[in-house]
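Atoms considered below: every heavy atom in the structure, side chains included; atoms not considered: hydrogens, waters and symmetry mates.
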Amino acid sequence: MSPIASGNKEKLYVIYDGQCNLCLASVAKLKELHSKADLHYVQIQQLEAEGQAQKLVPHIRSLKFEELYEKMHVADERGELFAGADGVVRILRTVKGLRWLSAFYRIPGMKRAANYIYRFIASRRYEWFGKTEQSCSINGCELPQSGGENNKHENETIL
């Protein structure tokens, strides 16, 4: 029996880059919206630090950290993954007042266009929106580090 049919809220795990200012702002906005699903937010960095992906995201299949850093992933309770624009649409389907936007994804050509736009923005997210360690905080601002330090676990796999 599905969680919806049994009256329980569906659980979705949103796996995102916790150093990305755009990602952090998007998650903050999602937390304000009313979702029919029980959304759990997991930073990629938590998965790296803890090494316990199964505890944080039950039933997730083995993924390389490099794949996780390329785009946001949404996992359902069965471990099915929705990445990038698919993940955004999967969340939209649960948000009151925004579900209608997910219908556009079914229009021929829209999935390809949405994926292109998502990849275009995601590949430039640090350049356009910055990283948390580049942001100003109570302790002041830090200078940007040299390039290529976004993902120190390029070829490692979770699980």
Side-chain angles (χ1 to χ4, degrees), residues 1-126 128-133 135 150-151 153 156-159:
M1 180 180 274
S2 76
I4 306 297
S6 66
N8 295 329
K9 276 186 153 184
E10 169 186 33
K11 287 184 183 174
L12 295 177
Y13 299 87
V14 180
I15 306 167
Y16 67 98
D17 181 354
Q19 293 181 333
C20 162
N21 287 335
L22 174 62
C23 307
L24 292 168
S26 299
V27 166
K29 191 63 175 170
L30 275 175
K31 288 179 179 180
E32 294 174 8
L33 301 174
H34 299 287
S35 174
K36 293 180 191 176
D38 186 9
L39 299 176
H40 297 264
Y41 301 93
V42 181
Q43 294 182 10
I44 299 166
Q45 291 78 10
Q46 285 178 285
L47 297 175
E48 288 177 315
E50 312 250 342
Q52 299 180 19
Q54 284 293 329
K55 270 189 174 179
L56 295 170
V57 186
H59 307 293
I60 190 170
R61 68 175 171 81
S62 180
L63 283 173
K64 290 185 177 185
F65 283 107
E66 184 177 315
E67 293 175 42
L68 292 174
Y69 275 100
E70 286 177 4
K71 48 188 144 184
M72 173 195 69
H73 286 71
V74 177
D76 66 16
E77 293 172 283
R78 296 178 312 275
E80 186 174 353
L81 285 173
F82 305 86
D86 289 339
V88 172
V89 171
R90 182 66 184 92
I91 293 169
L92 285 176
R93 289 181 18 210
T94 72
V95 177
K96 185 177 181 177
L98 296 179
R99 186 178 177 144
W100 63 273
L101 287 171
S102 66
F104 285 111
Y105 205 57
R106 294 187 195 128
I107 297 172
M110 286 304 290
K111 183 175 183 172
R112 181 188 290 183
N115 283 322
Y116 175 80
I117 292 167
Y118 185 96
R119 283 191 313 270
F120 184 80
I121 294 170
S123 66
R124 293 160 178 80
R125 69 187 186 271
Y126 294 136
W128 291 353
F129 302 97
K131 290 175 66 173
T132 55
E133 69 243 286
S135 299
N150 303 351
N151 183 2
H153 300 286
E156 287 185 34
T157 306
I158 62 172
L159 295 183

- [ ] Could you list the residues that satisfy ring-ring contact (aromatic ring centres under 6.0 Å, His included) with Tyr13, not counting sequence neighbours?
- [x]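 Partners of Tyr13 under the ring-ring contact (aromatic ring centres under 6.0 Å, His included) test: His40.
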Open item on the list: Phe104: which residues meet the ring-ring contact (aromatic ring centres under 6.0 Å, His included) condition with it, sequence neighbours left out?
Closed with: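 Phe104 satisfies ring-ring contact (aromatic ring centres under 6.0 Å, His included) with Trp100 once adjacent residues are dropped.
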Shortest non-hydrogen contact from [X] toward [Y]:
| X | Y | value |
| --- | --- | --- |
| Thr132 | Gly18 | CG2-O, 3.7 Å |
| Ala114 | Tyr105 | CB-CE1, 3.6 Å |
| Ala37 | Leu12 | CB-CD1, 4.0 Å |
| Asp86 | Asn115 | N-OD1, 4.3 Å |

Task: Over 12 foreign heavy atoms within 6.0 Å of CZ, Arg124 - done: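 Correct, the count exceeds 12.
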Identify each donor-acceptor pair in which a side-chain atom of residues 87-94 lies under 3.5 Å from a protein atom, sequence neighbours left out, and give them as a table.
from	atom 1	to	atom 2	distance (Å)
Arg90	NH2	Glu10	OE1	3.2
Arg90	NH2	Glu10	OE2	2.1
Thr94	OG1	Ser35	OG	2.8
Thr94	OG1	Ile91	O	2.7

Rounded distance [0.5 Å steps], [atom1] in [X] versus [atom2] in [Y]:
| X | Y | atom1 | atom2 | value |
| --- | --- | --- | --- | --- |
| Met72 | Tyr118 | CE | OH | 5.0 Å |
| Asp17 | Lys131 | CG | NZ | 7.5 Å |
| Leu22 | Trp128 | CG | CH2 | 10.0 Å |
| Glu67 | Ile15 | CD | CD1 | 11.5 Å |
| Gln45 | Cys20 | CD | SG | 9.5 Å |

Task: Check: Asn21 side chain, Phe129 main-chain N or O, donor-acceptor pair, under 3.5 Å - done: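 Indeed, once roles are kept as given, a pair shorter than 3.5 Å links the two residues.
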Open item on the list: Closer than 3.5 angstrom, by distance alone: can the side chain of Tyr41 be matched with the main-chain N or O of Tyr16 as a donor-acceptor pair?
Closed with: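 Here the side-chain-to-backbone pair does not exist.
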Task: Carboxylate-amine/guanidinium proximity below 4.0 Å for Glu66 and Lys64 - done: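 No, this pair does not count.
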